[in-house]
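Below, chain A is the first sequence line, B the second, and so on; all start at residue 1.
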Amino acid sequence: MSTQAIGESANHIEQEIRKKAPTSHLGGYWTCFSGILWREVLRFLHQRERFFSALVRPLVWLFIFAAGFRNVLGVSIIPPYETYVLYETYITPGLIGMILLFNAMQSSLSMVYDRETGAMRTLLVSPFPRWFLLLSKLIGGVAVALLQVYVFLFIAYFWDIQPDGPALAIGLPMGDAFYGFEIPAPINGYITVLPALILSGLMLGALALFMSSVIRQLENFAGVMNFVIFPMFFASSALYPLWRIRESSPILYEICKFNPFSHAIELIRFAFHGRLDLTSLIVVTGCTIVFLGAAIYAYNPSKGLIAKRGGIGR
Amino acid sequence: MDASVIIKQKAKLAALDVEGVSHAFGPTKVLDNVSLSVPRGSFTVLLGPNGAGKSTLFALITRLYDNISGQIKLLGMDVRRNPSLALSRLGVVFQSRTLDLDLSLSQNLAYHASLQGIPHSKSKVLAEAALKRVGMENRSSEKVRNLSGGQSRRVEIARSMMHQPNLLLLDEPTAGLDVAARESVISIVRNLVKEENLGVLWATHLIDEIDPTDNIVVLHKGKVLFKGTVPELFSMTGKTDIGDAFRSMTGLSQLEAE
(Lines give C-alpha, C1' and ligand atoms only; values in the text may rest on other atoms or scores of the structure.)
Protein backbone atom coordinates (compact mmCIF):
# COMPACT_ATOMS: atom_id res chain seq x y z
CA MET A 1 0.00 0.00 0.00
CA SER A 2 1.45 3.40 -0.90
CA THR A 3 1.99 6.06 1.76
CA GLN A 4 -0.60 8.21 0.06
CA ALA A 5 -3.20 5.47 0.24
CA ILE A 6 -2.54 4.98 3.93
CA GLY A 7 -2.90 8.71 4.44
CA GLU A 8 -6.21 8.75 2.60
CA SER A 9 -7.64 5.82 4.50
CA ALA A 10 -6.49 7.36 7.77
CA ASN A 11 -8.38 10.51 6.78
CA HIS A 12 -11.43 8.47 6.00
CA ILE A 13 -11.29 6.73 9.34
CA GLU A 14 -10.75 10.02 11.10
CA GLN A 15 -13.91 11.41 9.52
CA GLU A 16 -15.84 8.33 10.48
CA ILE A 17 -14.66 8.56 14.08
CA ARG A 18 -15.34 12.28 14.18
CA LYS A 19 -18.95 11.63 13.22
CA LYS A 20 -19.38 9.13 16.05
CA ALA A 21 -17.38 11.04 18.65
CA PRO A 22 -19.37 12.18 21.69
CA THR A 23 -17.59 15.54 21.57
CA SER A 24 -19.13 16.35 18.20
CA HIS A 25 -22.50 17.44 19.58
CA LEU A 26 -23.74 19.45 22.54
CA GLY A 27 -25.83 16.59 23.87
CA GLY A 28 -22.61 14.72 24.61
CA TYR A 29 -21.39 17.60 26.75
CA TRP A 30 -24.64 17.66 28.67
CA THR A 31 -24.50 13.90 29.27
CA CYS A 32 -20.95 14.20 30.55
CA PHE A 33 -21.69 17.18 32.81
CA SER A 34 -24.81 15.67 34.33
CA GLY A 35 -23.00 12.38 34.87
CA ILE A 36 -20.21 14.08 36.83
CA LEU A 37 -22.71 16.09 38.85
CA TRP A 38 -24.83 13.01 39.58
CA ARG A 39 -21.79 11.04 40.79
CA GLU A 40 -20.64 13.79 43.17
CA VAL A 41 -24.07 14.07 44.77
CA LEU A 42 -24.59 10.31 44.90
CA ARG A 43 -21.20 9.73 46.52
CA PHE A 44 -21.92 12.40 49.09
CA LEU A 45 -25.30 10.94 49.98
CA HIS A 46 -23.70 7.52 50.40
CA GLN A 47 -21.11 8.85 52.79
CA ARG A 48 -23.41 9.48 55.72
CA GLU A 49 -20.60 10.25 58.14
CA ARG A 50 -19.32 12.97 55.86
CA PHE A 51 -22.77 14.51 55.62
CA PHE A 52 -23.23 14.30 59.35
CA SER A 53 -19.88 15.82 60.27
CA ALA A 54 -20.28 18.52 57.64
CA LEU A 55 -23.49 19.50 59.38
CA VAL A 56 -22.39 19.11 62.99
CA ARG A 57 -19.29 21.28 62.55
CA PRO A 58 -21.07 24.61 61.89
CA LEU A 59 -23.89 23.73 64.27
CA VAL A 60 -21.44 23.29 67.15
CA TRP A 61 -20.09 26.74 66.40
CA LEU A 62 -23.55 28.19 66.19
CA PHE A 63 -25.07 26.56 69.27
CA ILE A 64 -22.08 26.52 71.62
CA PHE A 65 -19.37 28.90 70.51
CA ALA A 66 -21.73 31.70 69.54
CA ALA A 67 -23.77 31.29 72.70
CA GLY A 68 -20.64 31.54 74.81
CA PHE A 69 -19.29 34.56 72.99
CA ARG A 70 -22.57 36.39 72.65
CA ASN A 71 -21.77 38.66 75.56
CA VAL A 72 -18.03 38.84 75.06
CA LEU A 73 -18.09 40.13 71.52
CA GLY A 74 -20.40 43.06 71.07
CA VAL A 75 -21.13 43.74 67.45
CA SER A 76 -21.86 47.35 66.62
CA ILE A 77 -24.19 48.27 63.80
CA ILE A 78 -22.31 47.71 60.56
CA PRO A 79 -23.69 47.16 57.08
CA PRO A 80 -25.68 45.25 56.05
CA TYR A 81 -27.24 45.19 59.52
CA GLU A 82 -29.57 48.04 60.39
CA THR A 83 -29.98 47.19 64.04
CA TYR A 84 -27.92 45.52 66.69
CA VAL A 85 -27.72 41.85 65.85
CA LEU A 86 -27.03 38.86 68.00
CA TYR A 87 -23.63 37.28 67.64
CA GLU A 88 -25.31 34.14 66.23
CA THR A 89 -26.70 36.19 63.38
CA TYR A 90 -23.31 37.76 62.74
CA ILE A 91 -21.38 34.51 62.44
CA THR A 92 -23.93 32.62 60.35
CA PRO A 93 -22.47 33.82 57.01
CA GLY A 94 -19.03 32.92 58.36
CA LEU A 95 -20.22 29.41 59.15
CA ILE A 96 -21.70 29.11 55.68
CA GLY A 97 -18.27 30.08 54.41
CA MET A 98 -16.81 27.39 56.63
CA ILE A 99 -19.05 24.76 55.05
CA LEU A 100 -18.02 25.90 51.57
CA LEU A 101 -14.34 25.97 52.54
CA PHE A 102 -14.30 22.51 54.11
CA ASN A 103 -16.25 21.05 51.25
CA ALA A 104 -13.97 22.56 48.61
CA MET A 105 -10.85 21.32 50.35
CA GLN A 106 -12.33 17.89 50.93
CA SER A 107 -13.58 17.26 47.41
CA SER A 108 -10.66 18.78 45.54
CA LEU A 109 -7.74 17.94 47.75
CA SER A 110 -8.83 14.36 48.08
CA MET A 111 -7.48 14.03 44.57
CA VAL A 112 -4.01 14.33 46.04
CA TYR A 113 -4.38 11.15 47.97
CA ASP A 114 -3.87 7.71 46.55
CA ARG A 115 -7.39 6.48 46.88
CA GLU A 116 -8.62 9.27 44.67
CA THR A 117 -5.69 9.40 42.26
CA GLY A 118 -7.30 6.70 40.18
CA ALA A 119 -10.63 8.52 40.12
CA MET A 120 -8.96 11.66 38.80
CA ARG A 121 -7.25 9.71 36.04
CA THR A 122 -10.53 8.05 35.12
CA LEU A 123 -12.01 11.52 34.74
CA LEU A 124 -9.11 12.82 32.65
CA VAL A 125 -9.22 10.02 30.04
CA SER A 126 -12.68 11.18 29.03
CA PRO A 127 -12.58 12.56 25.48
CA PHE A 128 -14.12 15.86 26.55
CA PRO A 129 -11.83 18.90 26.91
CA ARG A 130 -9.98 19.06 30.16
CA TRP A 131 -11.25 22.51 31.19
CA PHE A 132 -14.79 21.20 30.74
CA LEU A 133 -14.14 18.14 32.90
CA LEU A 134 -12.50 20.17 35.67
CA LEU A 135 -15.25 22.78 35.64
CA SER A 136 -17.93 20.07 35.76
CA LYS A 137 -16.19 18.47 38.72
CA LEU A 138 -16.04 21.86 40.45
CA ILE A 139 -19.74 22.49 39.89
CA GLY A 140 -20.46 19.02 41.25
CA GLY A 141 -18.57 19.94 44.40
CA VAL A 142 -20.52 23.18 44.70
CA ALA A 143 -23.82 21.31 44.33
CA VAL A 144 -22.85 19.11 47.27
CA ALA A 145 -21.89 22.19 49.30
CA LEU A 146 -25.24 23.84 48.54
CA LEU A 147 -27.08 20.84 49.94
CA GLN A 148 -25.13 21.19 53.16
CA VAL A 149 -25.62 24.94 53.39
CA TYR A 150 -29.38 24.79 52.97
CA VAL A 151 -29.79 22.03 55.53
CA PHE A 152 -27.70 24.15 57.91
CA LEU A 153 -29.82 27.23 57.20
CA PHE A 154 -32.96 25.20 57.70
CA ILE A 155 -31.84 24.20 61.19
CA ALA A 156 -30.57 27.73 61.92
CA TYR A 157 -34.02 29.08 61.01
CA PHE A 158 -35.41 27.55 64.20
CA TRP A 159 -32.58 29.26 66.10
CA ASP A 160 -34.07 32.54 64.92
CA ILE A 161 -31.52 33.16 62.23
CA GLN A 162 -33.66 34.43 59.41
CA PRO A 163 -33.18 36.74 56.46
CA ASP A 164 -34.88 40.12 56.94
CA GLY A 165 -34.14 41.96 53.71
CA PRO A 166 -36.74 43.89 51.71
CA ALA A 167 -39.19 41.77 49.74
CA LEU A 168 -37.82 40.43 46.50
CA ALA A 169 -39.79 41.75 43.54
CA ILE A 170 -39.87 39.60 40.42
CA GLY A 171 -41.62 41.10 37.42
CA LEU A 172 -41.78 44.20 35.25
CA PRO A 173 -42.47 47.75 36.41
CA MET A 174 -44.69 49.56 33.86
CA GLY A 175 -45.01 53.22 34.72
CA ASP A 176 -46.51 53.31 38.18
CA ALA A 177 -47.89 49.83 37.95
CA PHE A 178 -45.95 46.68 38.70
CA TYR A 179 -46.65 43.39 36.99
CA GLY A 180 -45.22 40.43 38.82
CA PHE A 181 -45.03 39.15 42.36
CA GLU A 182 -43.10 39.75 45.51
CA ILE A 183 -41.29 37.25 47.67
CA PRO A 184 -41.37 38.40 51.29
CA ALA A 185 -38.86 37.75 54.05
CA PRO A 186 -37.62 35.30 55.12
CA ILE A 187 -37.82 33.28 51.89
CA ASN A 188 -36.31 36.10 49.83
CA GLY A 189 -32.95 35.81 51.60
CA TYR A 190 -32.66 32.11 50.83
CA ILE A 191 -33.05 32.97 47.15
CA THR A 192 -30.79 36.02 47.01
CA VAL A 193 -28.01 34.19 48.84
CA LEU A 194 -27.91 31.44 46.20
CA PRO A 195 -25.79 33.23 43.56
CA ALA A 196 -23.37 34.34 46.28
CA LEU A 197 -23.07 30.75 47.49
CA ILE A 198 -22.43 29.42 44.01
CA LEU A 199 -19.80 32.04 43.22
CA SER A 200 -18.02 31.64 46.55
CA GLY A 201 -18.16 27.86 46.25
CA LEU A 202 -16.62 28.03 42.79
CA MET A 203 -13.85 30.33 44.02
CA LEU A 204 -12.89 28.06 46.91
CA GLY A 205 -13.25 24.92 44.80
CA ALA A 206 -11.01 26.35 42.08
CA LEU A 207 -8.43 27.32 44.69
CA ALA A 208 -8.46 23.81 46.12
CA LEU A 209 -8.26 22.28 42.65
CA PHE A 210 -5.21 24.37 41.90
CA MET A 211 -3.66 23.39 45.22
CA SER A 212 -4.28 19.71 44.51
CA SER A 213 -2.00 19.94 41.50
CA VAL A 214 0.76 21.86 43.27
CA ILE A 215 0.94 20.34 46.71
CA ARG A 216 2.89 17.15 47.24
CA GLN A 217 3.66 17.36 50.89
CA LEU A 218 0.26 17.31 52.52
CA GLU A 219 0.08 13.82 53.92
CA ASN A 220 -3.39 14.07 55.34
CA PHE A 221 -6.30 16.34 55.95
CA ALA A 222 -4.82 17.61 59.22
CA GLY A 223 -2.11 19.35 57.21
CA VAL A 224 -4.73 21.10 55.12
CA MET A 225 -6.56 22.14 58.28
CA ASN A 226 -3.46 23.69 59.83
CA PHE A 227 -2.00 25.42 56.83
CA VAL A 228 -5.04 26.38 54.75
CA ILE A 229 -8.40 26.16 56.45
CA PHE A 230 -7.57 27.63 59.86
CA PRO A 231 -5.51 30.61 58.63
CA MET A 232 -8.07 31.42 55.94
CA PHE A 233 -10.98 31.09 58.34
CA PHE A 234 -9.56 33.00 61.31
CA ALA A 235 -7.93 35.77 59.27
CA SER A 236 -11.29 36.77 57.86
CA SER A 237 -14.48 38.51 58.83
CA ALA A 238 -16.16 35.18 59.60
CA LEU A 239 -16.10 35.40 63.40
CA TYR A 240 -15.53 39.09 64.11
CA PRO A 241 -15.94 42.35 62.20
CA LEU A 242 -12.67 43.54 60.76
CA TRP A 243 -12.72 46.84 62.68
CA ARG A 244 -12.21 44.83 65.83
CA ILE A 245 -9.08 43.29 64.38
CA ARG A 246 -7.79 46.71 63.38
CA GLU A 247 -7.95 47.78 66.99
CA SER A 248 -5.50 45.08 67.98
CA SER A 249 -3.33 44.75 64.88
CA PRO A 250 -3.34 46.99 61.80
CA ILE A 251 -1.14 44.53 59.88
CA LEU A 252 -3.48 41.66 60.55
CA TYR A 253 -6.33 43.91 59.46
CA GLU A 254 -4.65 44.39 56.08
CA ILE A 255 -4.13 40.64 55.75
CA CYS A 256 -7.78 39.97 56.56
CA LYS A 257 -8.87 42.55 54.01
CA PHE A 258 -6.63 40.90 51.44
CA ASN A 259 -8.02 37.43 52.18
CA PRO A 260 -10.46 36.45 49.42
CA PHE A 261 -12.35 34.36 51.96
CA SER A 262 -13.35 37.60 53.78
CA HIS A 263 -14.86 38.88 50.57
CA ALA A 264 -16.73 35.62 50.00
CA ILE A 265 -18.24 35.91 53.47
CA GLU A 266 -19.21 39.55 53.03
CA LEU A 267 -20.79 38.71 49.68
CA ILE A 268 -22.84 35.98 51.37
CA ARG A 269 -23.65 38.21 54.38
CA PHE A 270 -25.02 41.01 52.21
CA ALA A 271 -26.85 38.65 49.85
CA PHE A 272 -28.50 36.87 52.78
CA HIS A 273 -30.04 40.20 53.74
CA GLY A 274 -31.04 41.02 50.18
CA ARG A 275 -28.21 43.41 49.45
CA LEU A 276 -25.26 43.47 47.10
CA ASP A 277 -21.71 44.25 48.20
CA LEU A 278 -20.15 45.32 44.94
CA THR A 279 -16.50 45.26 46.08
CA SER A 280 -16.87 41.70 47.30
CA LEU A 281 -18.62 40.66 44.11
CA ILE A 282 -15.75 42.02 42.02
CA VAL A 283 -13.05 40.47 44.22
CA VAL A 284 -14.74 37.07 44.39
CA THR A 285 -15.44 37.00 40.65
CA GLY A 286 -11.86 38.03 39.89
CA CYS A 287 -10.40 35.43 42.24
CA THR A 288 -12.64 32.73 40.77
CA ILE A 289 -11.36 33.51 37.28
CA VAL A 290 -7.72 33.59 38.39
CA PHE A 291 -7.89 30.40 40.47
CA LEU A 292 -9.82 28.56 37.78
CA GLY A 293 -7.33 29.63 35.13
CA ALA A 294 -4.46 28.48 37.32
CA ALA A 295 -6.12 25.11 37.96
CA ILE A 296 -6.82 24.52 34.27
CA TYR A 297 -3.26 25.54 33.46
CA ALA A 298 -1.89 23.18 36.10
CA TYR A 299 -3.84 20.26 34.63
CA ASN A 300 -2.92 21.13 31.04
CA PRO A 301 -1.00 18.14 29.67
CA SER A 302 1.62 20.12 27.80
CA LYS A 303 2.28 23.11 30.03
CA GLY A 304 0.99 22.18 33.42
CA LEU A 305 2.66 21.42 36.67
CA ILE A 306 1.61 17.78 36.54
CA ALA A 307 3.56 17.33 33.32
CA LYS A 308 6.67 18.80 34.94
CA ARG A 309 6.35 16.64 38.01
CA GLY A 310 5.29 13.41 36.37
CA GLY A 311 1.91 12.46 37.68
CA ILE A 312 -0.78 13.28 40.15
CA GLY A 313 0.14 13.12 43.78
CA ARG A 314 3.71 12.18 43.15
CA MET B 1 -11.78 4.84 -3.00
CA ASP B 2 -14.31 2.05 -2.93
CA ALA B 3 -15.60 0.71 0.33
CA SER B 4 -13.88 -2.67 0.34
CA VAL B 5 -10.48 -1.03 -0.12
CA ILE B 6 -11.19 1.30 2.80
CA ILE B 7 -12.16 -1.61 4.99
CA LYS B 8 -9.00 -3.50 4.04
CA GLN B 9 -6.80 -0.53 4.69
CA LYS B 10 -8.58 0.25 7.91
CA ALA B 11 -7.75 -3.24 9.09
CA LYS B 12 -4.08 -2.51 8.49
CA LEU B 13 -4.10 0.70 10.50
CA ALA B 14 -2.61 -0.08 13.91
CA ALA B 15 -4.67 0.48 17.05
CA LEU B 16 -1.62 2.17 18.55
CA ASP B 17 1.57 3.52 17.03
CA VAL B 18 4.30 4.98 19.20
CA GLU B 19 7.18 6.48 17.26
CA GLY B 20 10.42 7.80 18.72
CA VAL B 21 8.97 8.96 22.03
CA SER B 22 11.38 10.20 24.69
CA HIS B 23 10.40 11.69 28.01
CA ALA B 24 12.29 13.14 30.94
CA PHE B 25 11.40 14.53 34.33
CA GLY B 26 14.11 17.06 35.00
CA PRO B 27 17.47 15.38 34.38
CA THR B 28 16.11 11.81 34.58
CA LYS B 29 15.30 10.28 31.23
CA VAL B 30 12.38 7.93 31.75
CA LEU B 31 11.71 6.99 28.14
CA ASP B 32 14.42 6.96 25.48
CA ASN B 33 13.34 6.91 21.84
CA VAL B 34 10.55 4.37 22.39
CA SER B 35 8.79 2.99 19.32
CA LEU B 36 6.20 0.25 19.33
CA SER B 37 3.01 -0.75 17.61
CA VAL B 38 -0.14 -2.55 18.69
CA PRO B 39 -2.01 -3.99 15.67
CA ARG B 40 -5.77 -4.37 15.87
CA GLY B 41 -6.83 -7.76 17.11
CA SER B 42 -3.51 -8.33 18.83
CA PHE B 43 -2.46 -9.03 22.39
CA THR B 44 0.77 -7.13 22.90
CA VAL B 45 2.67 -7.60 26.14
CA LEU B 46 4.72 -4.69 27.41
CA LEU B 47 7.25 -6.55 29.51
CA GLY B 48 9.52 -4.73 31.91
CA PRO B 49 10.51 -4.60 35.56
CA ASN B 50 9.10 -1.95 37.87
CA GLY B 51 10.60 1.40 36.95
CA ALA B 52 11.14 0.49 33.31
CA GLY B 53 8.95 3.39 32.18
CA LYS B 54 5.72 1.50 31.58
CA SER B 55 3.55 3.83 33.65
CA THR B 56 5.09 6.93 32.06
CA LEU B 57 4.34 5.53 28.62
CA PHE B 58 0.73 4.93 29.69
CA ALA B 59 0.49 8.45 31.09
CA LEU B 60 1.61 9.80 27.72
CA ILE B 61 -0.84 7.65 25.74
CA THR B 62 -3.73 8.65 28.03
CA ARG B 63 -2.57 12.27 27.83
CA LEU B 64 -2.07 12.87 31.52
CA TYR B 65 0.83 14.83 30.08
CA ASP B 66 2.11 15.36 26.57
CA ASN B 67 4.94 13.65 24.80
CA ILE B 68 7.59 16.23 24.06
CA SER B 69 9.26 14.30 21.26
CA GLY B 70 8.00 11.67 18.85
CA GLN B 71 4.44 10.74 17.98
CA ILE B 72 1.67 8.71 19.56
CA LYS B 73 -1.16 7.71 17.24
CA LEU B 74 -4.41 5.87 17.85
CA LEU B 75 -5.86 4.52 14.60
CA GLY B 76 -3.62 7.00 12.85
CA MET B 77 -4.83 9.96 14.92
CA ASP B 78 -2.20 11.92 16.80
CA VAL B 79 -3.11 12.19 20.49
CA ARG B 80 -1.67 15.69 20.74
CA ARG B 81 -3.34 17.12 17.68
CA ASN B 82 -6.62 15.25 18.03
CA PRO B 83 -6.94 14.44 21.72
CA SER B 84 -10.73 14.14 21.81
CA LEU B 85 -10.99 11.78 18.87
CA ALA B 86 -8.05 9.66 20.00
CA LEU B 87 -9.32 9.36 23.58
CA SER B 88 -12.80 8.43 22.35
CA ARG B 89 -11.30 5.24 20.88
CA LEU B 90 -9.32 4.34 23.99
CA GLY B 91 -10.19 2.18 27.00
CA VAL B 92 -7.97 2.03 30.08
CA VAL B 93 -7.67 -0.21 33.12
CA PHE B 94 -5.41 1.55 35.61
CA GLN B 95 -3.13 -0.18 38.05
CA SER B 96 -4.82 1.38 41.07
CA ARG B 97 -8.44 0.54 41.80
CA THR B 98 -10.61 3.26 40.34
CA LEU B 99 -14.20 2.19 41.01
CA ASP B 100 -16.30 4.08 43.56
CA LEU B 101 -16.56 1.63 46.46
CA ASP B 102 -19.84 2.99 47.82
CA LEU B 103 -21.66 2.96 44.50
CA SER B 104 -23.16 -0.10 42.85
CA LEU B 105 -21.69 -1.77 39.77
CA SER B 106 -24.32 -0.30 37.49
CA GLN B 107 -23.90 3.19 39.00
CA ASN B 108 -20.16 2.98 38.37
CA LEU B 109 -20.76 1.95 34.78
CA ALA B 110 -23.38 4.65 34.25
CA TYR B 111 -20.92 7.29 35.47
CA HIS B 112 -18.25 6.05 33.11
CA ALA B 113 -20.71 5.95 30.20
CA SER B 114 -21.59 9.59 30.78
CA LEU B 115 -17.88 10.49 30.75
CA GLN B 116 -17.89 8.99 27.27
CA GLY B 117 -20.97 11.00 26.33
CA ILE B 118 -23.25 7.94 26.21
CA PRO B 119 -26.73 9.01 27.36
CA HIS B 120 -28.44 7.16 30.18
CA SER B 121 -31.08 5.72 27.84
CA LYS B 122 -28.40 3.77 25.97
CA SER B 123 -25.94 3.13 28.76
CA LYS B 124 -28.21 0.81 30.70
CA VAL B 125 -28.32 -1.77 27.93
CA LEU B 126 -24.59 -1.36 27.26
CA ALA B 127 -23.80 -1.82 30.95
CA GLU B 128 -25.77 -5.04 31.13
CA ALA B 129 -24.02 -6.40 28.07
CA ALA B 130 -20.62 -5.34 29.39
CA LEU B 131 -21.20 -6.99 32.77
CA LYS B 132 -22.40 -10.15 31.08
CA ARG B 133 -19.20 -10.34 29.09
CA VAL B 134 -17.15 -10.50 32.30
CA GLY B 135 -19.60 -12.79 34.11
CA MET B 136 -20.83 -10.20 36.61
CA GLU B 137 -24.36 -9.62 35.29
CA ASN B 138 -26.04 -10.95 38.44
CA ARG B 139 -24.40 -8.45 40.77
CA SER B 140 -25.14 -5.18 39.02
CA SER B 141 -26.99 -3.66 41.99
CA GLU B 142 -24.36 -4.66 44.55
CA LYS B 143 -21.84 -2.21 45.95
CA VAL B 144 -18.29 -2.47 44.67
CA ARG B 145 -17.12 -2.69 48.27
CA ASN B 146 -18.50 -6.25 48.43
CA LEU B 147 -16.46 -7.47 45.46
CA SER B 148 -13.18 -9.37 45.60
CA GLY B 149 -10.07 -7.97 43.91
CA GLY B 150 -10.50 -10.16 40.86
CA GLN B 151 -14.18 -9.33 40.54
CA SER B 152 -13.61 -5.58 40.67
CA ARG B 153 -10.87 -5.92 38.04
CA ARG B 154 -13.38 -7.68 35.82
CA VAL B 155 -15.86 -4.85 36.36
CA GLU B 156 -13.13 -2.36 35.44
CA ILE B 157 -12.58 -4.25 32.20
CA ALA B 158 -16.32 -4.18 31.51
CA ARG B 159 -16.32 -0.45 32.23
CA SER B 160 -13.40 0.25 29.91
CA MET B 161 -15.18 -1.58 27.08
CA MET B 162 -18.54 0.20 27.32
CA HIS B 163 -17.81 2.74 24.62
CA GLN B 164 -16.42 0.02 22.34
CA PRO B 165 -12.84 1.28 22.06
CA ASN B 166 -10.33 0.02 19.51
CA LEU B 167 -7.40 0.06 21.92
CA LEU B 168 -7.39 -1.22 25.49
CA LEU B 169 -4.52 -0.35 27.82
CA LEU B 170 -4.04 -2.39 30.98
CA ASP B 171 -1.39 -1.37 33.50
CA GLU B 172 -0.35 -4.38 35.61
CA PRO B 173 -3.98 -5.55 35.74
CA THR B 174 -3.26 -8.73 37.71
CA ALA B 175 -1.19 -7.12 40.47
CA GLY B 176 -2.31 -8.46 43.84
CA LEU B 177 -4.67 -11.10 42.44
CA ASP B 178 -4.59 -14.81 43.27
CA VAL B 179 -3.92 -17.42 40.58
CA ALA B 180 -7.55 -18.20 39.73
CA ALA B 181 -8.51 -14.50 39.50
CA ARG B 182 -5.45 -13.78 37.34
CA GLU B 183 -6.35 -16.52 34.91
CA SER B 184 -9.94 -15.37 34.62
CA VAL B 185 -8.88 -11.76 33.95
CA ILE B 186 -6.38 -12.83 31.31
CA SER B 187 -8.83 -15.12 29.53
CA ILE B 188 -11.51 -12.41 29.47
CA VAL B 189 -9.12 -9.98 27.80
CA ARG B 190 -7.85 -12.60 25.35
CA ASN B 191 -11.45 -13.30 24.33
CA LEU B 192 -12.05 -9.61 23.73
CA VAL B 193 -9.06 -9.53 21.40
CA LYS B 194 -10.55 -12.36 19.36
CA GLU B 195 -14.19 -11.33 19.39
CA GLU B 196 -13.95 -7.56 19.15
CA ASN B 197 -10.80 -7.25 17.04
CA LEU B 198 -9.45 -5.17 19.90
CA GLY B 199 -5.83 -4.09 20.17
CA VAL B 200 -4.56 -4.74 23.70
CA LEU B 201 -1.43 -3.37 25.32
CA TRP B 202 -0.87 -5.34 28.51
CA ALA B 203 1.88 -4.06 30.80
CA THR B 204 3.32 -6.61 33.18
CA HIS B 205 6.47 -7.87 34.82
CA LEU B 206 5.15 -11.42 35.03
CA ILE B 207 6.59 -13.70 32.35
CA ASP B 208 4.08 -16.49 32.87
CA GLU B 209 1.29 -14.22 31.57
CA ILE B 210 2.78 -14.43 28.07
CA ASP B 211 1.24 -16.75 25.50
CA PRO B 212 3.41 -18.07 22.64
CA THR B 213 1.16 -16.26 20.14
CA ASP B 214 1.54 -12.81 21.73
CA ASN B 215 3.53 -9.87 20.49
CA ILE B 216 6.17 -8.82 22.97
CA VAL B 217 7.80 -5.46 23.65
CA VAL B 218 10.62 -5.54 26.18
CA LEU B 219 11.12 -2.22 27.94
CA HIS B 220 14.11 -1.76 30.21
CA LYS B 221 15.39 1.49 31.73
CA GLY B 222 13.27 3.47 29.28
CA LYS B 223 14.58 1.70 26.16
CA VAL B 224 12.88 -0.83 23.93
CA LEU B 225 15.27 -3.80 23.86
CA PHE B 226 13.09 -6.06 21.75
CA LYS B 227 9.82 -6.10 19.87
CA GLY B 228 8.38 -9.03 17.95
CA THR B 229 6.89 -12.47 18.42
CA VAL B 230 7.96 -15.14 20.86
CA PRO B 231 9.79 -17.24 18.19
CA GLU B 232 11.64 -14.11 17.09
CA LEU B 233 12.67 -13.51 20.69
CA PHE B 234 14.03 -17.03 20.92
CA SER B 235 15.96 -16.84 17.67
CA MET B 236 17.45 -13.47 18.61
CA THR B 237 18.68 -14.54 22.02
CA GLY B 238 19.32 -18.21 21.29
CA LYS B 239 17.21 -19.23 24.30
CA THR B 240 14.14 -21.42 24.48
CA ASP B 241 12.57 -19.83 27.55
CA ILE B 242 11.17 -16.30 27.82
CA GLY B 243 12.68 -15.82 31.27
CA ASP B 244 16.15 -16.82 30.06
CA ALA B 245 15.80 -14.61 27.00
CA PHE B 246 14.80 -11.66 29.18
CA ARG B 247 17.70 -12.20 31.55
CA SER B 248 20.24 -12.46 28.77
CA MET B 249 18.97 -9.21 27.25
CA THR B 250 18.74 -7.10 30.38
CA GLY B 251 21.46 -8.64 32.51
CA LEU B 252 18.93 -8.76 35.36
CA SER B 253 18.97 -11.95 37.40
CA GLN B 254 15.19 -11.89 37.54
CA LEU B 255 12.24 -9.62 37.07
CA GLU B 256 11.48 -7.71 40.21
CA ALA B 257 8.80 -9.40 42.20
CA GLU B 258 5.93 -7.45 43.68
Side-chain angles (χ1 to χ4, degrees), chain A residues 1 5-14 16-18 20-25 27-39 42-43 45-47 114-130 133 299-304 306-312 314, chain B residues 1 5-10 12-13 23 25-26 28 30 55-56 59-60 62-68 73 75-77 80 82-92 94-103 107-108 110-120 123 143 159-160 163 166:
Chain A
M1 197 163 48
I6 294 176
E8 267 179 50
S9 74
N11 261 340
H12 243 92
I13 292 164
E14 194 180 309
E16 214 174 284
I17 292 170
R18 194 181 291 277
K20 277 194 239 160
T23 47
S24 63
H25 53 98
Y29 281 83
W30 170 249
T31 302
C32 180
F33 169 74
S34 55
I36 293 172
L37 195 71
W38 170 80
R39 170 184 178 261
L42 202 61
R43 257 166 57 91
L45 295 178
H46 277 278
Q47 296 171 342
D114 283 347
R115 200 170 54 78
E116 279 276 318
T117 307
M120 192 61 187
R121 294 203 59 183
T122 313
L123 180 74
L124 295 184
V125 290
S126 161
F128 292 93
R130 204 149 286 189
L133 296 169
Y299 277 94
N300 180 313
S302 59
K303 305 184 186 81
I306 287 173
K308 295 202 177 90
R309 201 170 70 220
I312 299 171
R314 229 183 248 192
Chain B
M1 255 191 307
V5 177
I6 292 173
I7 291 166
K8 261 189 214 157
Q9 293 184 346
K10 190 174 165 181
K12 284 186 185 170
L13 206 55
H23 204 80
F25 299 122
T28 355
V30 191
S55 294
T56 305
L60 292 175
T62 56
R63 252 179 74 80
L64 183 62
Y65 31 90
D66 276 342
N67 51 311
I68 293 153
K73 286 180 176 173
L75 291 180
M77 293 174 299
R80 288 192 66 177
N82 250 334
S84 286
L85 293 190
L87 287 178
S88 74
R89 306 316 312 146
L90 171 71
V92 193
F94 292 108
Q95 191 172 353
S96 54
R97 302 281 143 87
T98 58
L99 296 168
D100 286 321
L101 294 178
D102 292 315
L103 302 191
Q107 285 168 336
N108 266 287
Y111 168 59
H112 188 76
S114 64
L115 285 183
Q116 295 292 339
I118 303 169
H120 200 60
S123 74
K143 281 189 178 185
R159 179 178 70 166
S160 67
H163 59 291
N166 300 98

Query raised in the report: Pick from A:Pro22, A:Gly28, A:Pro127, A:Gly35: which one has the most heavy-atom pairs with chain B under 4.5 Å?
Result: A:Pro127

Query raised in the report: Under the ring pair (Phe, Tyr, Trp, His ring centres under 6.0 Å) test, which residues partner B:Phe94, sequence neighbours left out?
Result: none

Query raised in the report: Aromatic rings B:His120 and A:Trp38: how do their planes relate, parallel, tilted or perpendicular, breaks at 30° and 60°?
Result: tilted

Query raised in the report: How are the rings of B:His23 and B:Phe25 set to each other: parallel, tilted or perpendicular (split at 30° and 60°)?
Result: perpendicular

Query raised in the report: Of all of B:Thr62, B:Leu60, B:Val30, B:Leu99, which one pairs up most often with chain A through heavy atoms under 4.5 Å apart?
Result: B:Thr62

At a heavy-atom separation under 4.5 Å, does [X] approach chain A through its side chain, its backbone, both, or neither?
X	result
B:Pro83	neither
B:His112	side chain
B:Asn166	neither
B:Ile118	backbone
B:Leu115	both

**Report entry** Donor + acceptor pair across side chains of B:Thr98, B:Arg159 (<3.5 Å)
**Finding:** yes

Query raised in the report: Do you know the tightest heavy-atom contact between B:Lys143 and B:Asp102?
Result: CE-O, 3.3 Å

Query raised in the report: Between A:Tyr299 and A:Leu124, which heavy-atom pair has the shortest distance, and what is it?
Result: CD2-CD1, 4.1 Å

